[in-house]
Amino acid sequence: MNWSAAPFLAFIFSVGAAWSQSQPEKPLPVDGRIEVDGSAIHLSLAHAMPPRVGNVAVKRRTLGETGGRTWEAIAPQLGPVLRFTDTNVRPGTAYEYQVLRTARDIVDVGYFTAGVEIPAVESRGTALVVVDDTLADDLSLRLDRFERDLIGDGWDVIRHRTARGSDGNFVESLEQAATLKSWIQEQYFSDPFARHALILVGHVPIALTGKARPDGHDPVPHASDLFYAEMDGTWRLVRNAEGKPLLGENRLPSDTIEMQVGRIDFKPVSTGDRDKELRLLRAYFDKNHHWRHGLLGDLRGGYAKTNHLLVERDGLRNIVGTEFLVEGGHHDAGEERPWLWGVDFGDHKVANYADYAMKATFVINFGSHKQKIQRFGNVLSATLAQPWHTVAAGWGGRPAWRLHAMALGGTIGESHMRTVNNGIASESYRESMDYFPTGHYLWRNPVWVNLLGDPTLRAFMLPPPSVLRADAEGEATRLSWSPSPARAVQSYVIYREDELGSGFEKLAEVSDGESYLDATPPEGARYMVRAYGLQQVHAGSFYTYSQGVFAERDAVPPVAPDIRLNARDGAMMLDFKPRDLEAATTEAFLHGPDQGDLQLVEGAWRYTPSEGATGEVVLPYTRSSRHGTAVGRYVITLGD
């Protein structure tokens, strides 16, 4: 075997089962609020059980700092209190708090982050989009739009095609993974101080590593996309009982991953059906686009229902607030209405997910074998495949995910990184951990913590302007747009790209009106406009940019007309299907009907009304091209 393409691998011949030990700390629910002017942050332990016991100690740091030693004790001996107020704070800084409570039989820990007027992130870094070569051409329209969305979110994008993963051949699979990682390392080390995000699209090769049993079942190797995101460690190569090679790490060899990473892969739930796999991928990129553009609503609620995921539940207290966090699970409350977040054990039978309609945007699922994303019939893949809403999913509890960074505009990929990069194996537990507990058991830097979905997605999206046009006015170009519906918008920022691929540069900012005249545009210039505003959230407020929308001179944006139909005769086929490649236009429904059933049948949509239903059913849809996205409606009259 030739490993010259993968110098980061060292060869050994044995590996033991993963470590685990019961964790002494328990999760502590911490609530909080911040004064509107940022003058004080109030922390509350009103939901701690039992209340008013032991000593409460509070530590603080700036959100974004890492390492156990970065925590500063600001109130080490408070006694058995239920509240603490920090007045040594100022606007423009996001603060992260650790609250530790100790008594004779109690050690529990909780976290909260808060801040007001946190500065916006305009440029986010480099996004590496790695695409399964066998699917890339058929996904070209969605991938082009996804790349525009990433650029419009402040990312520089590098797209790369890779071989489809060869799961049945251990040697070939490892060689594929090694080759791909070498390419990723080249991109990373060309600019190691930039932020990076890695997005794996399709059945990108899977690296199996270690021999762990985080779900309590037999120790087995686990798929790990962290292999691609860890840049400077040495991964041991081992042989299993049959003499076949695999990676030998249960723990990250260098304690940290250096980039956000997520996988969008529906092979595990496609039963070998390529058309189904493509259909699920297209649907994913449609709902990803809809979420980014604020078309799925300004969601502020969450649900949770399991004692296995108490840390994740406490993170939702920070993101949505206790008053908007309800007791419920994926298959009851989670199907009633759209949610920002859902945390629950979830059904363990993948076949049942075809009949579910979970409406959480971000999801934590838990249960035996669900973390094994390489397995046929993987439940996390089925979770990501839920229609219309879910854009990211993870297996929680072991270890517990740290979600609270999303409370002030952080990405799901950053929360994933915080979960993975928790602790330093060579240092003492107490000194090295950023967060504890890590669930019922202590896990440091485990390899099986994968994120399914796009890691660059965030909560509280600011809707962008729409229908951007760039019309000639003599030698000048007049930009005009329809305003964002969000009250938080304070201005619109105009960018221009003078040559294709040269990058967008800020041209102007408009705080009054919905137009701008570019008096001296270069030939072939492209434009982008983003809304800018202050989002008010439970944890405070943060400035943010919307998704960018694009225009070229004299190009015509798409139009999505309202279409009225009558469903007196029962099931009906809708004249609704993706346009051909020449038209370069895609269409997608925003969500399913309140009454009846909407199914994709042989490439066309069929609507079946509920028996005896009357009134109207409204199905909003989008029509997208490189010149924008328009929203229209199917209005279906039921009954006589």
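Residue numbers run from 1 in the order of the sequence given.
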Donor-acceptor check, side chain of [X] to backbone of [Y], threshold 3.5 angstrom: yes or no?
X    : Y    : answer
D255 : A425 : yes
E312 : W401 : yes
T383 : Q386 : no
K287 : V391 : no
T234 : P253 : no
N378 : K370 : yes
D332 : G329 : yes
T256 : N421 : no
H222 : V220 : yes
R124 : D153 : yes

Give me the ring orientation class for [X] and [Y]: parallel if the planes are under 30° apart, tilted from 30 to 60°, perpendicular past 60°.
X    : Y    : result
H160 : W183 : parallel
Y95  : Y97  : tilted
W71  : Y435 : perpendicular

Would you sort out whether H203 and D167 count as a side chain to side chain donor-acceptor pair (under 3.5 Å), showing the intermediate values? CA-CA 10 Å; H203 196 58; D167 298 335; 2.6 Å; yes
So that I can tick it off, tell me whether [Y] and [X] are bridged by a salt bridge, with the cut-off set at under 4.0 angstrom between side-chain N and carboxylate O.
X    : Y    : result
E327 : R313 : yes
D133 : R161 : yes
R402 : D434 : no
D286 : R142 : yes
R61  : E72  : no

Determine the minimum heavy-atom distance between [X] and [Y], stating which atoms define it.
X    : Y    : value
V311 : P27  : CG2-CB, 3.8 Å
M433 : G423 : SD-CA, 3.6 Å
L299 : P338 : CD2-CB, 3.9 Å

Can Q260 and T411 be said to form a side chain to side chain donor-acceptor pair (under 3.5 Å), step by step? CA-CA 9 Å; Q260 303 176 52; T411 67; 2.7 Å; yes
I would like to know whether K372 and D215 meet salt bridge (Lys or Arg N to Asp or Glu O under 4.0 Å); could you show each step before the answer? CA-CA 10 Å; K372 300 168 185 175; D215 57 358; 3.7 Å; yes
Does a donor on one side chain and an acceptor on the other come within less than 3.5 Å for [X] and [Y]?
X    : Y    : value
S254 : E230 : yes
E427 : S432 : no
N422 : R418 : no
D344 : H331 : no
E258 : H196 : no
Y111 : Q98  : yes
H404 : E96  : yes

Test side chain to side chain contact (heavy atoms under 4.5 Å, CB included) on L150 and R292; report intermediate values, then the result. CA-CA 10 Å; L150 288 170; R292 287 176 172 276; 3.4 Å; yes
Once side-chain hydrogen bond (donor to acceptor under 3.5 Å, both in side chains) is applied, do any residues pair with H389, and if so which ones, sequence neighbours excluded? none
Is R444 positioned over the aromatic face of F436, cation under 6.0 angstrom from the ring centre and no more than 45 degrees off axis? no
Walk me through whether E277 and R164 qualify under salt bridge (Lys or Arg N to Asp or Glu O under 4.0 Å). CA-CA 13 Å; E277 186 177 359; R164 185 173 176 85; 3.0 Å; yes
Could you note down all residue pairs passing ring pair (Phe, Tyr, Trp, His ring centres under 6.0 Å) where residues 300-320 supplies at least one of them, sequence neighbours left out? Y303-H330, Y303-W339, H308-F345, H308-F366
If you apply the rule salt bridge (Lys or Arg N to Asp or Glu O under 4.0 Å), what do you find for R60 with E65, and how did you get there? CA-CA 10 Å; R60 191 187 77 180; E65 291 185 283; over 6 Å; no
Derivation of the side chain to side chain donor-acceptor pair (under 3.5 Å) call for H217 and S368: CA-CA 8 Å; H217 293 274; S368 295; 2.8 Å; yes
